[in-house]
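Quick note: residue numbers are just sequence positions, from 1.
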Amino acid sequence: MNKRVVMIGLFVLLASLSLSGGIGTVTVTGFYTMAAGTETYYIGAPFESESKFNDFGVKVQGTSFFSPTSPFGLSYAASASKTLSSTMNGTAYDATYDPWAWAFGGGATFRISKSSEMYFEVGAGVEYAFRAKTMGGSSIDIRQLSATGQALINYALLGNIFLSTGVSVSYPLWGENRLPVGGLTALGEYTSTVVTFAPSVGFSVAY
């Protein structure tokens, strides 16, 4: 079964589960990614690269707690990001023509209320991402599954509107790369040790 269909189905399932919760939030944030590590592409001979990159993106996240007083809940998210700068083996990589990357994920959330004006959220889950790089004149599509963690601080601004600041981190678990070759698509393994660290700021609406 196509992995994209599976991930979209998982996203829809998590969204439907959230509707049964007693209280929830919708959060929209902008984030800045700082990432570094080793990437290895396996199409024919393996190509290994020490990579660093910085992205800017937007994430929409929904969180639903099991009851108004429960600290436990589920979260689901979708994000889009664009590479601002990147290096491969110490050489600058021009990502101008690379498309936006997309990611979908979900997980569990724990809420810590400090007062009626402020509460914390910490969570962990998984994320499935789609992105592409232009290498040697060819565009290589990359699919990657990562473990994620997140922490948010929410400050009440007006009624049920909150200012949300936080940070997320991710580490790859699995990947593959795809290279179009003469009307066919060559599949290869993709491995990575790239750790991604992303501070964020935005707004949440509680319902």
J.: Using the rule given for side chain to side chain contact (heavy atoms under 4.5 Å, CB included), can you reason through F47 versus I140, listing the C-alpha separation, both sets of side-chain angles and the distance that settles it, and then say yes or no?
T.: CA-CA 12 Å; F47 171 73; I140 298 178; over 6 Å; no
J.: In the single-linkage hydrophobic clustering (I, L, V, M, F, W, Y; side-chain heavy atoms under 4.5 Å), do W100 and Y32 co-cluster?
T.: no
J.: Does K82 make a cation-pi contact with F56 (under 6.0 Å, within 45 degrees of the axis)?
T.: no
J.: For S204, enumerate each residue passing the side chain to side chain contact (heavy atoms under 4.5 Å, CB included) test, keeping only those at least two apart in sequence or located in another chain.
T.: T27, N154, F162, S164
J.: Can you find a pair of side-chain heavy atoms, one from Q144 and one from S192, that are under 4.5 Å apart?
T.: yes
J.: Looking at every heavy atom in both S139 and A132, which two are closest together, and how far apart are they?
T.: OG-CB, 3.9 Å
J.: Hey, are the side chains of Y42 and T191 touching, using non-hydrogen atoms and a 4.5 Å cut-off?
T.: yes
J.: State, with a plain yes or no, whether a side-chain heavy atom of Y41 is found less than 4.5 Å away from one of I142.
T.: yes
J.: Indicate if I23 and V205 have the same hydrophobic cluster label, given that clusters are the connected sets of ILVMFWY residues with side-chain heavy-atom separations under 4.5 angstrom.
T.: no
J.: Walk me through it: do Y190 and D141 pass the test side-chain hydrogen bond (donor to acceptor under 3.5 Å, both in side chains)?
T.: CA-CA 10 Å; Y190 166 79; D141 291 330; over 6 Å; no
J.: So if you build clusters from Ile, Leu, Val, Met, Phe, Trp, Tyr with side-chain heavy-atom gaps below 4.5 Å, do L163 and F31 land together?
T.: no
J.: What distance separates Q150 CD from T109 OG1, expressed to the nearest 0.5 Å?
T.: 7.0 Å
J.: Under 6.0 Å from the ring centre and within 45 degrees of the ring axis: does the NZ or CZ of R143 meet both conditions for the six-membered ring of Y128?
T.: no
J.: Can you find a pair of side-chain heavy atoms, one from M118 and one from I153, that are under 4.5 Å apart?
T.: yes
J.: Under a 3.5 Å distance rule, please check whether R111 uses its side chain to pair with a backbone N or O of S70 as donor and acceptor.
T.: yes
J.: How many angstroms lie between OG1 in T196 and CG in D55, if you round to the nearest 0.5 Å?
T.: 8.0 Å
J.: Test side chain to side chain contact (heavy atoms under 4.5 Å, CB included) on Q61 and Y76; report intermediate values, then the result.
T.: CA-CA 6 Å; Q61 177 173 308; Y76 54 96; over 6 Å; no
J.: For F110, does the CZ atom have more than 12 heavy-atom neighbours from other residues, nucleotides or ligands under 6.0 Å away?
T.: yes
J.: Is L152 linked to V58 within one hydrophobic cluster, defined over Ile, Leu, Val, Met, Phe, Trp and Tyr using a side-chain heavy-atom separation of less than 4.5 Å?
T.: no
J.: Checking S86 against N54: is there a side-chain donor and acceptor pair closer than 3.5 Å?
T.: no
J.: Is there a path of hydrophobic side-chain contacts, each under 4.5 Å between heavy atoms, that joins Y155 and V122?
T.: yes
J.: Could you go step by step and tell me if T87 and Y93 meet the side chain to side chain contact (heavy atoms under 4.5 Å, CB included) rule?
T.: CA-CA 5 Å; T87 62; Y93 166 79; 6.0 Å; no
J.: So does W102 have more than 12 non-hydrogen atoms from other groups sitting under 6.0 Å from CH2?
T.: no
J.: Nearest 0.5 Å please: distance from the CD atom of E127 over to the CG atom of L145.
T.: 9.0 Å
J.: Would a 4.5 Å heavy-atom cut-off, applied to side chains only, mark T63 and E121 as touching?
T.: yes
J.: Measure the NZ-OG1 distance between K133 and T83 for me, rounded to the nearest 0.5 Å.
T.: 7.5 Å
J.: Run E39 and S51 through side-chain hydrogen bond (donor to acceptor under 3.5 Å, both in side chains) and show every step you take.
T.: CA-CA 7 Å; E39 298 178 285; S51 300; 2.6 Å; yes
J.: List the steps, then state whether side chain to side chain contact (heavy atoms under 4.5 Å, CB included) holds for V194 with F53.
T.: CA-CA 10 Å; V194 174; F53 54 88; 4.0 Å; yes
J.: Any sub-3.5 Å donor-acceptor pair from N177's side-chain atoms to G188's backbone N or O?
T.: yes
J.: Hey, what do you get for OG1 (T91) to CG (D94), rounding to the nearest 0.5 Å?
T.: 13.0 Å
J.: Side chains of T25 and Y119: does their closest heavy-atom pair fall under 4.5 Å?
T.: yes
J.: Does the side chain of P46 reach to within under 4.5 Å of the side chain of T40, using non-hydrogen atoms?
T.: yes
J.: Say you draw a straight line from OG of S67 to CZ of F72; how long is it, rounded to the nearest 0.5 Å?
T.: 11.0 Å
J.: Does any N or O in the side chain of T193 come within less than 3.5 Å of the main-chain N or O of T38, such that one atom is a donor and the other an acceptor?
T.: yes
J.: Under 4.5 Å between any side-chain heavy atoms of V195 and V169, yes or no?
T.: yes
